[in-house]
Amino acid sequence: QVQLVESGGGLVQAGGSLRLSCAASGSISQFNSMGWYRQAPGKQRELVAAVTDGASVAMEGSAKGRFTASRDNAKNMVYLQMNSLKPEDTAVYYCAAEGGAGGWGKGTLVTVSS
């Protein structure tokens, strides 16, 4: 229902931090949940983190405690703060509205070097 565009991906050294942004073409207030997924080569897409109006939840085990999703409804923006990055975090990261039902972004590549 909305177009989503991710940005902020790039190359970062292991142990570093990166913040991804997701800009929505329309209001995200209509969505109870906004989230981030990732897909690494040869692997299936997996949920990394999601955020409702009141809480952020890390769903993927390896990212638990390191990644935090947040949202700014007034700006129609969603963010993913990634800390203590590891090489295994390398993947294309996708923003999604309502688990994908509300729209998917095209992804942004995050590469973590060792």
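Model, not experiment: these values are computed from the prediction. Quick note: residue numbers are just sequence positions, from 1.
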Asker: At their closest point, which heavy atom of Gly99 faces which heavy atom of Ala96, and how far apart are they?
Answerer: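 Closest heavy-atom pair between Gly99 and Ala96: C-CB, 4.4 Å.
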
Asker: If we only count heavy atoms from C-beta on, is the Cys22 to Val5 side-chain gap below 4.5 Å?
Answerer: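 Side chain of Cys22 against side chain of Val5, heavy atoms only: no contact under 4.5 Å found.
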
Asker: Measure the spacing between CZ of Phe31 and OG1 of Thr52 and express it to the nearest 0.5 Å.
Answerer: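 Reported value, rounded in 0.5 Å steps: 15.0 Å.
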
Asker: Indicate yes or no: at least one non-hydrogen side-chain atom of Val12 is less than 4.5 angstrom from one of Thr111.
Answerer: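 Contact flag for Val12/Thr111 side chains = no.
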
Asker: May I ask you to decide if Val112's main-chain N or O and Thr90's side chain share a donor-acceptor pair within less than 3.5 Å?
Answerer: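 Yes; judged by distance alone, with no hydrogens or angles, the pair exists.
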
Asker: For Val92, enumerate each residue passing the side chain to side chain contact (heavy atoms under 4.5 Å, CB included) test, keeping only those at least two apart in sequence or located in another chain.
Answerer: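 Val92: side chain to side chain contact (heavy atoms under 4.5 Å, CB included) contacts with Tyr94, Leu109.
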
Asker: Starting from the C-alpha separation in whole Å, work towards a yes-or-no answer on side-chain contact (heavy atoms from CB on, under 4.5 Å) for Tyr79 and Asp72.
Answerer: CA-CA 8 Å; Tyr79 307 97; Asp72 186 336; 4.3 Å; yes

Asker: Which value, rounded to the nearest 0.5 Å, describes the distance between Leu80 atom CG and Met34 atom CE?
Answerer: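 One finds 12.0 Å between CG of Leu80 and CE of Met34.
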
Asker: For Gly103, is there any backbone N or O sitting under 3.5 Å from a side-chain donor or acceptor partner on Gln1?
Answerer: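 Not at all, since once roles are kept as given, no pair shorter than 3.5 Å links the two residues.
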
Asker: If I compare all heavy atoms of Ser21 with all of Met77, which pair ends up nearest, and what's the gap?
Answerer: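 For Ser21 and Met77, the tightest heavy-atom pair comes out as CB-CE, 3.8 Å.
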
Asker: Are any non-hydrogen side-chain atoms of Thr108 and Leu20 less than 4.5 angstrom apart?
Answerer: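 Result yes, sub-4.5 Å side-chain heavy-atom pair found.
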
Asker: List the atom of Cys95, the atom of Val78, and the distance in Å for their closest heavy-atom pair.
Answerer: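 Scanning both residues completely, I find the closest heavy atoms to be SG-CB, 4.4 Å.
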
Asker: Could you tell me which residues satisfy ring pair (Phe, Tyr, Trp, His ring centres under 6.0 Å) with Tyr93, sequence neighbours excluded, listed by chain and number?
Answerer: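 If we apply the ring pair (Phe, Tyr, Trp, His ring centres under 6.0 Å) test to Tyr93, skipping adjacent residues, there are no hits.
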
Asker: Report the residues that fulfil side-chain hydrogen bond (donor to acceptor under 3.5 Å, both in side chains) with Ser17, sequence neighbours left out, ordered by chain and then residue number.
Answerer: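 Residues passing side-chain hydrogen bond (donor to acceptor under 3.5 Å, both in side chains) with Ser17: Asn83.
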
Asker: How close do Leu18 and Gly10 get, heavy atom to heavy atom, and via which atoms?
Answerer: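 Shortest heavy-atom contact: CD2-N, 4.2 Å.
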
Asker: Enter the distance from Lys43:NZ to Arg38:CZ here, rounded to the nearest 0.5 Å.
Answerer: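 Lys43 atom NZ to Arg38 atom CZ measures 8.0 Å (nearest 0.5 Å).
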
Asker: Are more than 12 heavy atoms from other residues, nucleotides or ligands located less than 6.0 Å from atom CD of Gln3?
Answerer: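 Check fails, neighbour count at 12 or below.
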
Asker: Are the aromatic ring centres of Tyr37 and Trp104 under 6.0 angstrom apart?
Answerer: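 Yes, the ring centres sit under 6.0 Å apart.
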
Asker: List the atom of Val51, the atom of Arg71, and the distance in Å for their closest heavy-atom pair.
Answerer: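 Closest heavy-atom pair between Val51 and Arg71: O-NH1, 3.4 Å.
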
Asker: Checking the side chain of Glu6 only, and the main-chain atoms of Gly107 only, is there a donor and an acceptor separated by less than 3.5 Å?
Answerer: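 Between the backbone of Gly107 and the side chain of Glu6 there is a qualifying donor-acceptor contact (under 3.5 Å).
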
Asker: Could you give the distance from CG (Asn73) to CD1 (Ile28), rounded to the nearest 0.5 Å?
Answerer: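 Result: 4.5 Å between the selected atoms.
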
Asker: So which atom in Ala14 and which in Ser114 form the shortest heavy-atom distance, rounded to 0.1 Å?
Answerer: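 What the structure gives for the nearest pair is CB-CA, 4.3 Å.
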
Asker: In sequence, state the C-alpha distance, the side-chain angles, and the governing distance for Lys86 and Arg66, and then conclude on side-chain contact (heavy atoms from CB on, under 4.5 Å).
Answerer: CA-CA 10 Å; Lys86 304 174 181 179; Arg66 298 187 297 117; 3.9 Å; yes

